[in-house]
Structure formats: structure tokens, C-alpha cells
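No hydrogens, no waters, no symmetry mates; every other heavy atom, side chains included, goes into these values. A note on names: the letters A, B, ... follow the listed sequences, proteins ahead of strands, and every chain is numbered from 1.
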Amino acid sequence: MADLAMKNPLPPDVPLVLGKPSYGEVTDAVSRIVEKKPPRVWYIALAVTGTFTLILGAMLAYLVATGIGVWGNNNPVGWAWDITNFVFWIGIGHAGTLISAILFLFRQRWRTSINRFAEAMTLFAVACAGIFPLFHVGRPWRAYWLFPIPNADLGMWPNFRSPLLWDVFAVSTYATVSALFWYVGLLPDLATMRDRATTPWRQRIYGLLSLGWRGSARHWNNYEKAYLLLAGLSTPLVLSVHTIVSFDFAVSVIPGWHTTIFPPYFVAGAIYSGFAMVVTLMVLARKIYGLEQLVTMKHLENMCKVMLATGCIVGYAYAVEFFTAFFSGNQYERFVFVNRAIGPYSWAVWIMFTCNVFAPQLFWFKRFRTNLAVMFVISIIVNVGMWFERFVIIVTSLHRDYLPSSWGYFRPTAVDILTFAGSIGLFLTLFLIFVRFLPMISISEVKGIIDAPAGKKEAA
Amino acid sequence: MTPSGQNYWRSLDELAGSPGFRNWVEREFPRLASELQSKSTRRKLLQLMAASFGLAGLTACRRPEEKILPASRTAEYRIPGKPVHYATSMNLGGCATGLIVETHEGRPTKIEGNPLHPGSLGACSALAQASVLGLYDPDRSRFPRKRGKRSSWADYAAFAEELFTPARQGRGEKLWFLSEPLSSPSLEALRADVLRRFPAARWVEFESVPFAAVNRGAELAFGQPLEAVFDFARADIILSLDCDFLGHDWRDVIPIRQFSERRRVDSPASKMNRLYSVESLFTLTGAAADHRLALPSSQVLGFARELAEELGALPRKAETKAGGAGRQRWLSVVARDLREHTGACLVVAGPRQPAPVHALAHVLNARLGNVGRTVAYLRPSSRPALAGFDELCQAIQSNAVETLVMLGVNPVYAAPAEAGFGDLLAKVAHSIHLGAEFDETADASAWHVNEAHYLESWGDTRAYDGTAALQQPMIQPLFDGKTAAEVLSFAGGQSERRSYDILRKHWLAQWPQTEGESRWRKALHDGVVEGTRYPLAAPGVPDVKRVDATARVAGTQGVEVTFFADSSSFDGRFANNGWLQETPDPMTKLTWDNAALVSPAKAQSLGVRDGDIIALTRGGNSLEIPVLIVPGQADESIAIALGYGRRQCGRVGRGVGQNANLIRSLVTPGFVSGVTISKTVRKRPLATTQEHHSMEGRPLIREATLEEYRRDPKFAHKADHYKDLFSLHKEHSYEEGPQWGMAIDLSACVGCNACVVACQAENNVPIVGREQVRRGREMHWIRVDRYYSGDPEAPRAVMQPVACQHCENAPCETVCPVAATTHSPEGLNDMAYNRCVGTRYCANNCPYKVRRFNFFDLNKGVDEIGKMVFNPDVTVRMRGVMEKCTYCVQRIQEKKIQARAEGGRPLKDGEILTACQQTCPASAIVFGDLKDPNSKVAQLKQKDRNYVMLGEINIRPRTSYLARLRNPHPELG
Amino acid sequence: MSKAGDAVNRPYGVLGAFDSPAALLNAAQSARGAGYTKLDACSPFPVHGIDEVLRIGHSKLGWVVFLCGLAGAGLALLMQWYTGAVDYPLVIGGKPFFAFEFSIPITFELTVLLAAFGAVGGMLLFNGLPRLHHPLFARDGFRRVSDDRFVLVIDAADPAFDATRSADFLRGLGADPVEVVES
């Protein structure tokens, strides 16, 4: 049984919420953001990200109208930026679920200030990720054949041996469960918004969304159970998702893909990139909306520590890959890694190493862990590095496989680049909409961890 | 004008069988008459013309009126949906290949070799395979033109009737004819008539690609015109003097057939021939050779002389000791090897080489006792005295030419620029050009008559040994094209005007009255005319003195440039053929371009890299062309393919590559010396289908010398670093029905590309164009991988045809999320196009990278005429789906159905032939039922040379390879 | 604020708002001490210990989720077996028509999916949600229960219930405001 009110495991001198706010102040601090007009920077940001979202739409339309040929993909490189972006975005998503589920099970109460934020990020990242597998197929209008729907044309079923099909199930399950988890977490706060609502519209909408939540003891009883169970379900789920994504490669016969280390390696990488993205966005949101009270340096520092840890795991995985290739004695396997180090794509490989393995080492020092500028920059570097990791795994393995006669080189087209840029635009747009209309910090949970002064507050 | 739109109607008008169709339209719909030209109103017209379809009857069927005979066995051969096969033959530069043409509802769709024809023996080349596409080329010339203006055959006929009269021409003092070397009995007879009628007229046989030198050499050696024929199958030792007899230096595929017979080694006991090749550019012959000496073409004469002297065929001179010790040793070994195989060896010189080299080759063969064994001399039909092309030029220069008839030649493009033929032509009052396309020459001529494609015309041809074969049309001329005979008939003075009548008259005259008709039918049916082979001739002793005198070695100055007939466009006549343009050059793998082939060392000294454009200047003419670095190319020699840089050409070939004729010489058409090279700053990235040329030490092509093989017959399996592989699951056991498989003998394969084009024609494989090839998106279902190996100074090249290997544990199938590619019970890796969503996962997971993805809608541009070439038995794939080799499943099904129809009889081995297998001149590809222990393929898979690629992944490919064997001389290693 | 005196017939109950979890807890305890059995407490976040006081047993949600998960697993296996081995068997990569090895990932995912649906659906079901109208919503005293108020509700169905006395009782415990809620 969950126990949100358990003793704060952190040393008392490090409060999770600064300034001992009253319950009311917590409510205000978070709710105000969505109740008052957003700051100017919000509109500017939305304009920019919105434009990129439109570009994404245009690129996809062009793609569907013309053919995959508008991308740089070729033979032998059948997958390139499309799947790279897919894995990249899915990875980003993992941090959210991890924070809300795994840290919850581990009773990491510092999560409460950031989990809502991170979960939202998960959803939007998964949405972006979903675009790529859908549109990377040659005939997107037939993509529904990947679902086990009895279809009239051929009366055929999908092939359940294919990792790509496992992906379909893993990703759609992941998206659904994350959404449920997120929504359940939102229920009490939606009720808060409903009760604070001043305009009938807001009242109606939040009223509908909060489903008539009353905060009754019986509600809370089932609610906490449900929350715990969802956390328990999401934990193996989040691990399974990137494991299955890694199967796309591990199950194949292509040297550089056919590797048993992929599942743990991918999961670590996913968490790594996810936390990097949370830090990137959180540092900004915290600044813009003045949430220093609720999102303390302690939170950010912890996230930096997680990045350091996962970064080291990823680095270790790289090393093991090289060793295995050498130790296997398999000439094809060996070649792939020699080719990565000194082949046509070595530039990408070295970018990957620098960004993912070397950059986070700074976090060994508290000075850097607690410096907003540093962690912001490094988090971005890590995101870049993790994108390149996926690119390296996918493209360098494909472009030179078994038969040298069919070796080739992949070059992205403008459409490739704009499509990816557009997906970033979509991600941020969704995010801006989120912070505008929903409480980005879990009000009820934060209240659960503060011991508020019993000072009476005048009714508003 | 919009070709598709217009020609659609023009063809319909023939379909309607109403010649006056156009007039009728004008009568009925004067307003619309002009719009017949425009595509826009096609639909409206379609409605209006609905009636004319009534007249048209079977719209798809354009069978000629005359009686033609199918080569199929059955009597009632016109079953809709069932293909009908006809025998005909194709002439290439004066040498014919007999063909069997598959037609669907009167549309020729696929070409095979004619087993009865000596110039084919059932195989045919990539060029012949692709020629069917030329029939449906929408850019073909569609009507006669006068000074470029649209005219009609009627007008031309009227003009010609009065032009070719003794009244106008007198004895023909100012009457000239220009044609390819004639290899057509009926045309030769017609020519004789013409020259009888106009005794002073002159006839020039124009060779864009020189082949005549072989016979001129024989004449030089033996003092009489002789046709030399070689039997490579009987030669234990072959020496090629700059002769790519396996590639572009031969006009038919017989040498491949004969040569590969002696490369196929059944057991360690069996013998194998040995090939020495002396050549400047790296050719297929050089790749097949056991020993290759890279030597500039201009030094081959010197080499031949030294060899002749070494063998005592020529009086030994002191001074001749060119080249280093290496070359001397090479030469002495070759000499010894030849001597030791007296009577069972063969020296053959390349057509690029001047007559003296051929004379020396004849002398050597005589000296080595090969005459009557590996080389025979035939007495060709007597030719009239012919003039040379240079004489024609001089004659025009001195205004001695009033009428010039050019039959199926394009000298304005193909003649060396130094002749300036384009300008000369302007001085000829009546220049008449017959050609399939409105080409450079047509453009410069007074009259142009559109020539009929050989698949739509009556005619006859001669094989290399003189054997005649009839050509019969399978379809009425799509654009009312005419044949050479029909154009010539006006000058011949006889009454027949239609080639059918001319041809029939000629042949019936050859045969006794009584059996005329039956002979005619048999000739049509078989595709060969019995008893027309040239008679054997006794050449006598060669005149060594004369040869010695003519074979003078001149000191070469500077870099030489050699020219070779391109494997795709030959001399430019196939420039508008998309299939051929996209077929990679067998050695360089270059598509949609020609390049200056230079050796790595030369490139370094010039400071150029692939794609850098260099300027080659000779005698005021300059040729700017990109460089392609080719290992094995002789250092002081640059090779350039002919047939590119066409100005006046269809949409496919226009502006593709550079015109090598700019720097060619009238005197030495094969190669020129004294060319100045200068670098430019410009680059042109070349589109090659293979970017990496080393096998990286991977056991893909397994190779050994005959000696090693005898020592260790199982050498091919040394590289199998695995014992017994096992699966996680119980593997599917393929039992029911036949189990298809393929074996490819790498010892036999010479890499000629015939399979590539055959597959393209059979399976409606689209072309993607230069840009897409550069992006690595070519669609060929079967490709020939070429790897260089050995010492970079003297590299070897090995070939390996790779198509889908039909793995039993196919990795592509496992990963397809929608089960679009699955296994048939008979072990075929099937591809269900209409189920494919195009994830490309299968292609990624294919270790052989044989799957091809439709990145765009590649059949978009195909117009009504173009569609006629499609094989109706094979789906035309849409955008976004994956495709690949199917082992020609449509052929398998056809035969299975046939067998079932014939009382469920079992299929015979060899009854089902895949397209690649059927056309393979080397018979390197064998397909059949693995379950039948007696099938050829099952037997081959028992051989110790048999191995599979990447067996260690446990994917169990159904296609296996027989390891390649070489037979080097022990002393050269 | 309505006087407790003018009680209407058949009220829903009476509510009293406190301003700390502690106050709510001891109020609830005293209420039980006073013999009230039908009590409910509403708070902005779960107040711990309240379940024991109000005798709210363990949630049965676990069973729902377990059964849903089981259903998911069964459904997944059934689907993969039926489609692959019965309805449309195809030889794919020489592998069996059905095998547990390659069925595991999808089985797992569907298990989680249906279990998650069970958790959320079950929670809403047990809580009688969605219910957009509730007598308590109408009351001012209830508005801030999602903010910083802790409300104890004595149900009218309680045998010991009497609008006036119950209201006074709550006032006695320091609840402010105290309201009688009409149904």
C-alpha cells in the first residue's frame, strides 16, 4: 500500500520544498500559472514551435504524395533518420515513466515536484516517436495492416514473429498506459482547478475532466491503490518498451545489430536521454515560472546524478560492444566496429562518444551538478549525443554489411532534416500547451510531503 | 508534339486497319483533325472514335497480313493468354544471333536465343535481350521526313521512283551507297542488282565499330578473302591479343559458350583450358584469363611480332626486345605453352588491332598447326569491290556525289569527327537516310525514312559462319517503318517493293521449284536456312614475307586512347534504350555514362580522381570527359567507350556521356596515339552500381587454382567455420512437391550481364535513372558482383551473379510485420506485393542485399506504347513496395499447369528455365528440383566445389555456388 | 452561512470543515467515540490513519487488476496461436506456426495494457466516478476541500444522526464552517 506521507528519507536539512508554504500557497503557486495570462515569452515560443510543427506537416504530406525516395534512404541503408528519430523520441519518453513509476516504488519523494512535468514529456515524446514508424513505411495508407485486424482484402494477419510488430504493441501499450497514469495523477488537481475556476467555461471543462472528484477518504483509498498498481505495471512496461525497440536490431542477422547487450544498453540510454531532456526543459520552466520553491536544486542535482550513472552505463556498453566484437573472432562483427571507429561514419561515432561518455563526467563534481548553466548545456549535449548513438547503430551497421559489393553511403536530404526539426517543433508545441492549461506540478502530492503551518487562511 | 498521345492514335489507326483513317476523320470531324496531334483531347476523341474500334477488332493484336510461322510445336497456337514463340534473328554490326521471340497477343515481350542457330546455340547477349525495348521506344522516328519536314512514304516512293532511273543517274557515276557491312543474302543480291543497273555506282560499308580487320588480316596472310572462324572449345591454350572475345570485341556470344565449356571442371581428374590475355583495358576476357598482361594496344603488334619470332614463325630480328624482364619471361612462357600444345591452341587478335596483327595471328595459328582444328577458314559469298569511307568523303569534297543512300547508319555521329561528315553531307543534293530514329544523320539529310525495327520486318541475316536465318515480323510496323530492302528496291529496278516479296522471291529462287514452299516454311519455323553455311576453304600457306613486311613496329608517342564498343549502347544505336543504359558496364559497373578509364598510376601522375573531367585533344578536336580509375588498365593507355554523347537522340540517351568519335581517327579506328591530356576544374560524379571493389578477405567468391583443387578437392569448404548449426525451433521440413534450387558455376560465369537484362525483360524490372543509381536505388533483381583481387599491379577480377538466394530460414520473412514475404511449400521465398506496406525491414535484414524497394512510382512515365513490352505474367509493382528475384515463379507455374493439363505428368528436369539461366551464354546458371536426385542442379550440389555464401548464419540459401577455378601456368604462378 | 436550526427534511448530512489533517483525524475519532458510524472525510490529499478511523477496509482493486492482466495474457496467446497456427498458417523463416518464444513480448504488453485498464476502470467504478453532481458540491464549506480544507461529513443515514445535534457536535470539535447539506 502506497504511503505518500511516509517520513522524508532525505536529511532534514535538505527540504524538498523551500520556505514552508501553507497548503493554500502551494495550490496558488501552481494554479496561478494556468489561471493568469501566460508570459510574453510563451507566445513567442509557441509561434516558433508552431511554425516547425507546420513544417512537419508539410514534409509528411510531401513524403506521402511522392514516396520514400524524398528521404536519403537507399539500398543498403533502408532505415536511416526515420528510425533514428523514432528510437530517439521513444528514449526521451522513458524518463517520465521512470520518475513517476520507478522512483515512486523506491519511495523517492523528491520525484513529486517533477513527475507531472516528466510524464507530460513522456506522452509528447511518444507522440513524436509514433509519427516515424507510421510514415517510414512505403504505403502509410496500409499501415493499419500492422494491427491484428481481420482485413477483407487478403484475410491475412500480421506476422507475430516480427520485432517490428512487437514494437507496434509495445509502443501503443506504452502510450496508452502512460496517458492513463498521467491522467489518474491529474484527477485531484483537476478537481482543484475546477473548484478554483472563476469562469463558467473553465468550471465546465475542468469539471468534466475531474469526473466529480471529491477527495473522499474512500476515493483516496482506491486511488492510491490504483496509483500504486499503475506504477507497478509501468515499471516493467517502461523497461520492456526499449527492450523491444532494441529487438528490432538484436533479432536481425546484421553485424552490429545482432547483439545480446542491446536491451539493457538501450534502456540505460533511454533513461539517460530522457533525464537530459527533463533537465533541459525543467531548467527553463523553473526559471520562467519562478518555481524555485517547489523545484529545488536538490531535484536538479539528483537528476544530474542519474544522468551521470546512466551515462557511465552507456559508456560501458560501448566498450563491451567493441570488446565482444574483437573477442567473437567473427570477421563481419569485427569489421563493423573497426568501420565505426575509422570508416566513413567515424565522425558520427566520435560525436557520440564525446557527447555521451565524456561530457557527463563533469557531474562528478558538485560544483557542476548544481550549476544551472552547466547542467543545461550538458543536458543538450547529451541529447545530441544520444541522437547520434541511434544514428550510428542504425546507419553504420547497414551501410557496410556482409557483401562489400552492395556497400553504400547514406546522405540525408533536406526533407530528412526538416522532418526531424518539425518533430521537435511538435514536441515543444504540445509542451507549451500543457504548461498553459494544466498544473505542471502535482499539487496534491506536494501537499502530501510538506508539513504546513496550521495557520488559517482567509477564504478567497 | 506529345509522342505518347500522338503515336497512340497512329497505332490505333493501324489497328483500325483503315489506312484512310486520318482522311476519314478530317471528313467527319474537320475541327478535330488537328487535335489528333494533341494529347489533351485524347479522351474526347476516344469517345468519338469508339466506332473505329469496331473495325479494329482485337485491339492488342497487330499480326502481319503475311503468313508467319511460330516456332512452337503445337498446331493451334493462338490461345489467348498463352504466349506464342517465333524464330527470327538479329543483326549486330554484320553478324547475326538467332532468336526465339515470345509474343503475347501479338506483342513481342521477351527474347531468347535460338538453339538451332549457330550464332546463338540458345543463348543471347544483353544487347539482344534489350533490343525488344527498342521496338516500343516512343522516341523512334515515326514518319518519313523531307528536309526535316513531315512527309509520307508515298511521297518518298514517288520521289525515289523517278530518282533511281538510268535516265537520272546514267551509269550511277554520282550515285553512292553507305551501309553497315551487309550480312543479308537478300540484301546482297539486291546490292548486286543495283550495281548491275548502275555499274559506276559505289558502295561503302561503314563500320562504326571496326570488325573487318580480322578478315583483312586473313587476306593479308593468305592473299584471298577468307572468313576466319574459331573454335575456343577445342583450344587447350588460348592467347588473346587485345581481343575481348568474351565481351565487346565479339558480336555474338558463341565464344563465351565455347570457352566456358572448358572452364567447367567436374572432378579433379578433368582438364581445363588456359587463357593468356594481352590487353590495354581490363576486359571480361582479361578477368577470365589465367594470366593477363596489361599492354597498351599500340604495343600489341610488337608483342605479336616477338612471339612470332620466338616461335620461329618470323625470321628473328635482333632489335626487338621491348618491355622489361617480366614481360620477356611472360612471353617466353606463353610461347613454350603454345608450342607444347601445337594443334590444340589458339591465337586470336582483337578487332581493335590493325590487319597486320591479325595477319600475325593467322601466321601463328598456321605455324602452331591450329588451322583446321581450332581455327577454320570459310569462303564467304563473293563481295563486289567496295569503296572506303574516306573515298566517299573525298568524293563529296570534290562534288562527285549527287545521290547518297545511307541504310541504317549514323555516320554524322559515328564517323570520326576529323571526317567532318556532317558538313560534307550538306554538299550532297539527294542525301537519303534510313534510320530507326531521327538521329544526327537524319537531321543532316535531305530525306529521312523511318526504319522498321527488326522485330517488325521481313529480312534475313548471316551468322558468323555464313549460316542464313530469316527474320519474320511478329507485329506490324508500329510506325509504318520501312526496311533497307524496301528503300533499296527502287534502285534495284525490280517490281517488288515490299520486303516480304523481295525476301520470298530471293529465297524461292535458291530452292528447287517443288520444295520451295516447304523449305520456306521450315526456314521460318527453325529460324535457320539449311545448307547456307559458307563452304570450308583451304587457306594454304601464309605469305610470311608479306606479313613480315607489313607488320612493322612503329615507335608510339605519348599516351594512346583506345575505343571499344560499349556494352550498353554499342556504337550509340542503343543509346535510347533505358534497360541498357542502366545495365552496369561488366567491369567498371558504370551506368548512364562513359568515362576515360585510366590506371591508378596514371591517375596519380595526372593528379586526377574519379569524376574529375579531363580534356583529351587530338588534331584540333577536344573531348572533355570524366575520369574513372580502373585497376589493371595499362598505364600509358586510356580507354573510352563508344556510343555516348549523342546530340540528336531520344529522351533517354540524349546528352548521356561524351562522344569519343571526336578524337577518333579514320585510319586507325581502334586506337589513336599522340593525344594531349589537360585537366579541367570541373567534376562529374559518376553513377556506379558498385562502390567497393575488394572482397575484404571474406569467403564470398571461393577460388583456387586447378593444382590446389586437385590437391584438395574440398578446398571450397575450408572457409566454412562452422560445424552443425542448430535452430531454437524445429525447422520447417520442406517435403511436399518439388523443391526448387539453383547452382551457379563461378568457373563458367564470365560476367557478361546477359542474365541481368534477361531478368529485367522477363520480370518488368523498372529503370530508375542516373540520379537514383547514384543514390544506390537501382532495381536489378540479379546483379553481377565484381571484385578485384591479387596484386594491385596485376589485379585479377572475379565475377559473381547474385540474386535472391531463397533461404529456407529466410531472415527477411521473420522480420516482415505483415507477412508480405513468406515461403512457398516448394521452397520459394515469395513476395506478396499487394500485402507489402514497405517497412524495408526485410531489405535491411537480407545478408545478400538483393531486395529492391520502389522508392518512387517508377512506372509513372510509361506511355501506351511503352506498356506493350510488359510481361503480362508478372505484376508491375507500385510505389512503396519491396521486390526481388522470384526464381521466375511465373515460369514455374506455367510449366506446372502445362504438366497438369497433360494428364498430370511429372515435370521434366530442365523443362523450367529461369530467365537468367535460359539466356546465360556460359550455361553457368542451373535451376531445378533439389528433391529429384537426378536433376542437374541436385547433381551439381553434390560436387565438391559446391558451397553456399554465409552458410554460418544458418539461413540455408537454396542458391549455391561452385567455386571458381583458375589454371595458371606453374612458372607464372 | 445557514443556521443549523432551519433543517430541511431528508438532508444528505452535515459537514464540518477543519484546517489541518490532524484536526480532521481527532474530529473523526471523537465522532466515532460519539457513536457515529456513517462518516466520510474529504481532503485535498490522502490523510493517513483516516481509513482505520472510518473503518475503510483494504481496496479490492488488486483483484480486478490481476484478473484483467490474466485476461490480457490469455487473449494475447489465443490471438497469436489462432491467427498464426489455425486461421492462416504461413511458413515464415522456417519457424513454427506458433511458439511461446516469439509470443512472449506481445503477451506481456497486452497483459500490462489490460491490467492498466483494469486499474483505472476499477478505481473509477469503486469510487462511483464519474459523478458530476453531488450534494456536497453545492456547499461553500466544501469548495476549498481541494485546496486546504479537511471536511468531515456525518451521513443522514447514520442512526445517531440529527441535523441540529450533529451540527453542534461538529462545531464543538472546532469545525468551521459547519453546514447541513440537503440531498
What part of A:Asn330 gets within 4.5 angstrom of chain B, counting heavy atoms only: side chain, backbone, both, or neither? neither

B:His732, NE2: over 12 other non-hydrogen atoms inside 6.0 angstrom: yes

Give the member of B:Lys589, B:Gln772, B:Met695, B:Arg835 that has the highest number of heavy-atom pairs under 4.5 Å with chain A. B:Arg835

Which pair of heavy atoms, one from A:Arg139 and one from B:Val881, lies closest together, and at what distance? NE-CG1, 3.7 Å

What option among B:His692, B:Arg879, B:Glu691 has the most heavy-atom pairs under 4.5 Å with chain A? B:Arg879

Heavy atoms only, distances under 4.5 angstrom: which of A:Arg400, A:Met156, A:His258, A:Arg142 has the most pairs with chain B? Name it, please. A:Met156

Of A:Phe160, A:Tyr332, A:Trp157, the largest count of non-hydrogen pairs under 4.5 angstrom with chain B goes to A:Tyr332

Just give me the residue among B:Arg775, B:Glu778, B:Arg777 that pairs up with chain A most often, heavy atom to heavy atom, under 4.5 Å. B:Arg777

Out of A:Val168, A:Val77, A:Asn73, A:Asp167, return the one with the most heavy atom pairs under 4.5 angstrom to chain B. A:Asn73

Give, as side chain, backbone, both or neither, the part of A:Trp166 having an atom under 4.5 angstrom from any heavy atom of chain B. neither

Part of B:Cys846 lying under 4.5 Å from any heavy atom of chain A: backbone

Heavy-atom pairs under 4.5 Å with chain B - which of A:Gly78, A:Gly67, A:Pro158, A:Gly69 has more of them than the others? A:Gly69

Test item: A:Gln331 and B:Glu696 side chains (from C-beta on) under 4.5 Å apart, heavy atoms: no

Separation between NZ of B:Lys849 and CH2 of A:Trp407, rounded to the nearest 0.5 Å: 12.5 Å

Against chain A, label B:Asn854 side chain, backbone, both or neither, depending on which of its atoms sit under 4.5 Å from a heavy atom there. neither

Side chain proximity check, B:Asn844 to A:Ile254, heavy atoms < 4.5 angstrom: no

What heavy-atom pair brings B:Pro847 and A:Val253 nearest, and what distance separates the two atoms? CG-CG2, 4.1 Å

State, to 0.1 Å, how close A:Tyr402 and B:Arg698 come at their nearest heavy-atom pair, and which atoms those are. O-NH1, 2.6 Å

Would you give the length of the straight line joining atom CZ of B:Arg840 to atom CG of A:Leu164, rounded to the nearest 0.5 angstrom? 10.5 Å

Do you know which of B:Glu813, B:Arg783, B:His693, B:Met949 has the most heavy-atom pairs with chain A at a distance under 4.5 angstrom? B:Arg783

Once rounded to the nearest 0.5 Å, what's the spacing between atom CD1 of A:Ile83 and atom OH of B:Tyr841? 9.5 Å

Which atoms of A:Asp82 approach chain B - backbone, side chain, both or neither, heavy atom under 4.5 Å: side chain

Heavy-atom contact with chain B under 4.5 Å, split by part of A:Phe147: neither

How far does CG of B:Asn845 sit from CH2 of A:Trp257, to the nearest 0.5 angstrom? 7.5 Å

Region of A:Ile394 that comes under 4.5 Å of a non-hydrogen atom in chain B: neither

Heavy-atom pairs under 4.5 Å with chain A, option from B:Ala832, B:Ser694, B:Cys836 with the top count: B:Cys836

Could you check if a side-chain atom of A:Asn75 sits within less than 4.5 angstrom of a side-chain atom of B:Phe853, using non-hydrogen atoms only? no

If you draw a 6.0 Å radius around OH in A:Tyr144, do more than 12 non-hydrogen atoms from other residues or ligands fall strictly inside? yes

B:Tyr848 versus chain A, heavy atoms under 4.5 Å apart: side chain, backbone, both or neither? both

Is it the backbone or the side chain of A:Phe249 that comes under 4.5 Å from a heavy atom of chain B, or both, or neither? backbone

Which of these passes side chain to side chain contact (heavy atoms under 4.5 Å, CB included) with B:Gln690: A:Ser406, A:Pro404, A:Ser405? A:Ser405

Side chain, backbone, both or neither: which part of B:Met882 has a non-hydrogen atom closer than 4.5 Å to chain A? neither

To the nearest 0.5 Å, atom CG of A:Asn159 lies from atom OG1 of B:Thr814 at 7.5 Å

Which one wins on heavy-atom pair count under 4.5 Å against chain A: B:Asp785, B:Val815, B:Thr839? B:Thr839

